[in-house]
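Here the structure is laid out as structure tokens; the discussion comes afterwards.
Sequential numbering from 1 along the given sequence is applied to the chain's residues. As the structure is a computational prediction, the values presented were derived from the model and not from experiment. Order of listing sets the numbers, starting from 1, for every ligand and every atom in it.
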Amino acid sequence: MLNFKQELVKILNKTLPLEREEIEKLIETPSDTSMGDLALPCFILAKTMKKSPAVIAEELAKTIDAKPYFDRWEATGPYLNFFYAPSVLMDTLVETIEAHGIEYGKSDEGKDKTVIVEYSSPNIAKPFHIGHIRSTLIGDALYRIAQRLGYNAVGINHLGDYGTQFGMLISAYKKWGNKEAIEANPIDEFLQLYVRYNKEGESDPSLREEAHQWFKKLEENDEEAKKIWQWMRDLSLREFEKVYNRLNIHFDSYNGEAFYQDKMPEVIQELKDKKLLVEDDGCEIVDLEPYQLTPLIIQKSNGTTTYATRDIAAAIYRKKTYDFHKNIYVVATEQNLHFKQWFKTIELMGYEWAKDLVHAAFGMVSMEGMSLSTRKGQVLYLEDVLNKAVEKTLELIEDRNPDLPEKVLVSEQVGIGAIKFQELYNQRIKDYVFNWDRTLSFEGETGPYVQYTYARTNSLIEKSGVKPKYDHLNSQLLTDEEITLLKLIYEIPEIIHESFVKYEPYFISRQIMEVAKAFNRYYYNCPILVDDEKTKLHRLAMVAMVKAVIKSQLSLLGIETPERM
Ligand code: ARG
């Protein structure tokens with residue numbers, strides 16, 4: 001796609017006593033778009049040209065020829081402002097959208113590079129609760145974004161399928177477990193065992209020790225421990241996969257913590273060889289005091305390994321296996337310290353790729369004042385949240401459009417889309433409170449609003465009875481509303497790029513929201529299905545473009561676009 005900024009750099013380079021790179025750095029995007037699409041501040045030219053910035057801007061405005069890319073340029077104080085030529089803008093967008101189809105914004109910047117996105121990673125045998133939703137959805141969006149940018153994306157679910165809590169579960173199962181009940185309803189039953197074990201453990205300290213013993217057996221490949229563990233893992237994964245399928249979320253690998261069990265001795269040896277381990281109270285630790293971090297425990301006094309050891313082993317394995325360009329961990333801010341500690345350890349081990357490890361952290365969700373802790377057994381299941389969203393959406397549809405065909409399917413797409421959109425609409429790091437009405441509303445800044453806008457584009461096209469063609473676009477007919485839309489659409493590829501650089505899918509959701517809002521303003525101000533045939537066909541082609549763009553962007557967030565709502 002044509003890049004207006006680069007064109008402007010070339011134009012200015014012909015006149016200004018500056019290098020291309022310098023000019024590129026100078027050019028700004030005015031925050032008030034009525035001032036122009038791009039601006040050249042003339043302050044630093046004042047010294048060499050020995051005139052005031054305002055005079056320079058004035059003079060440049062007269063001498064420069066920025067056609068055909070810009071159709072208007074003018075001095076405003078010390079700035080020289082440029083306006084895109086709408087016809088050029090329109091043509092370049094048509095060309096790109098026709099070429100990219102529903103992958104608008106695709107690029108090859110990631111060619112031959114592998115990006116690992118690790119997300120979701122729930123703990124086996126514990127409920128998949130609303131707290132997990134953030135990692136799952138943010139990670140899935142980053143995975144899709146990486147793909148659109150041409151990276152070879154690898155989605156990994158680093159299942160919490162290992163650790164002391166399995167000792168606890170195995171022990172609880174041996175004491176009180178009922179096989180049939182568990183197989184019928186695994187996650188609930190495991191949760192109950194877990195909660196009971198914690199509760200009874202408060203008055204009976206021997207339970208803790210027993211749990212440790214079972215975990216130790218597991219680490220030592222004890223047959224019984226392994227068998228129970230495998231059974232628990234299979235059952236849990238089966239349940240999780242139901243939710244993933246429903247969310248249309250895919251992983252390339254489920255290699256979780258347990259996968260690294262046999263890779264840990266080597267890591268411990270390596271840490272020893274590199275003189276990074278010190279003994280502390282029977283534990284093997286990495287001293288991180290020089291870096292203002294608490295020590296990282298690698299091996300406990302009873303010989304078992306830790307969550308951190310497994311993360312180190314996993315990173316080394318991934319580097320060997322995938323030779324990643326980035327390895328991104330979508331994990332809650334609660335684990336900030338953990339990630340700082342082991343990223344530092346990797347660096348101390350001498351791996352230059354430590355810099356390619358990214359902790360894409362996110363804040364907490366709370367829900368109508370409810371606690372989300374598993375320990376007390378008070379959880380809100382993700383599945384129930386999804387069911388409720390879909391149910392409530394169906395009620396809304398019954399209310400607004402009871403004759404809609406395929407109501408049930410549409411409710412599923414809109415209810416789940418609403419949850420996803422809401423989750424991806426804010427900066428990761430921000431905590432937020434989940435609110436049903438705000439999430440599901442068809443008005444306001446919600447997923448259903450965008451999906452509804454999409455359905456509106458479709459219904460306009462259907463009503464017209466014509467098949468829109470981009471050939472029908474006519475730059476002579478462009479209205480201000482349409483130019484606004486074109487500019488928003490033009491920004492999208494850069495926004496996708498930025499969203500990946502910052503690991504922030506919300507850049508994309510915000511931009512789609514702007515497109516949807518601008519489209520609705522357009523629709524109210526400029527009737528589409530008018531009598532004048534030329535205008536009608538031109539506007540229908542605009543509608544078709546917006547339709548394609550919304551679809552291409554919602555798909556980056558994993559959100560469906562029902563044709564009717
Ligand atoms: N299973 C962990 C939990 O639920 C999250 C795992 C995060 N990923 C990692 N590589 N440590 O808290």
Donor-acceptor pairs are to be reported for all side-chain atoms of residues 261-269 against protein atoms at under 3.5 Å, with residues two or more places apart or in another chain.
from: Q261; atom 1: OE1; to: K226; atom 2: NZ; distance (Å): 3.3
from: Q261; atom 1: NE2; to: Y162; atom 2: OH; distance (Å): 3.2
from: Q261; atom 1: NE2; to: L218; atom 2: O; distance (Å): 3.3
from: Q261; atom 1: NE2; to: E219; atom 2: O; distance (Å): 3.0
from: K263; atom 1: NZ; to: F259; atom 2: O; distance (Å): 3.2
from: Q269; atom 1: NE2; to: D273; atom 2: OD1; distance (Å): 3.0

Task: CA sep, side-chain torsions, deciding dist, call: R246, E412, side-chain contact (heavy atoms from CB on, under 4.5 Å) - done: CA-CA 9 Å; R246 192 163 174 201; E412 176 83 12; 2.8 Å; yes
Open item on the list: Testing the 3.5 Å rule here: is there a donor-acceptor pair between the side chains of Q335 and Y307?
Closed with: yes
Open item on the list: Within 45 degrees of the ring normal and closer than 6.0 Å to the centroid, is that where the cationic atom of K274 sits relative to Y351?
Closed with: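 Relative to the ring axis of Y351, which defines the angle, K274 lies inside both limits.
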Output block, N or O contacts of ligand 1, threshold 3.5 Å exclusive:
from: ligand 1; atom 1: 1 (N); to: S121; atom 2: O; distance (Å): 2.9
from: ligand 1; atom 1: 1 (N); to: N123; atom 2: OD1; distance (Å): 2.7
from: ligand 1; atom 1: 4 (O); to: N123; atom 2: OD1; distance (Å): 3.4
from: ligand 1; atom 1: 4 (O); to: N123; atom 2: ND2; distance (Å): 3.3
from: ligand 1; atom 1: 8 (N); to: E118; atom 2: OE2; distance (Å): 2.7
from: ligand 1; atom 1: 10 (N); to: E118; atom 2: OE1; distance (Å): 3.0
from: ligand 1; atom 1: 10 (N); to: E118; atom 2: OE2; distance (Å): 3.2
from: ligand 1; atom 1: 10 (N); to: D311; atom 2: OD1; distance (Å): 2.7
from: ligand 1; atom 1: 11 (N); to: Y307; atom 2: OH; distance (Å): 2.7
from: ligand 1; atom 1: 11 (N); to: D311; atom 2: OD1; distance (Å): 3.4
from: ligand 1; atom 1: 11 (N); to: D311; atom 2: OD2; distance (Å): 2.8
from: ligand 1; atom 1: 12 (O); to: Q335; atom 2: NE2; distance (Å): 3.1

Open item on the list: For the backbone of Y425 and the side chain of R510, can you confirm whether one donor and one acceptor N or O come within less than 3.5 Å of each other?
Closed with: yes
Open item on the list: Donor-acceptor check, side chain of Q451 to backbone of P562, threshold 3.5 angstrom: yes or no?
Closed with: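 No.
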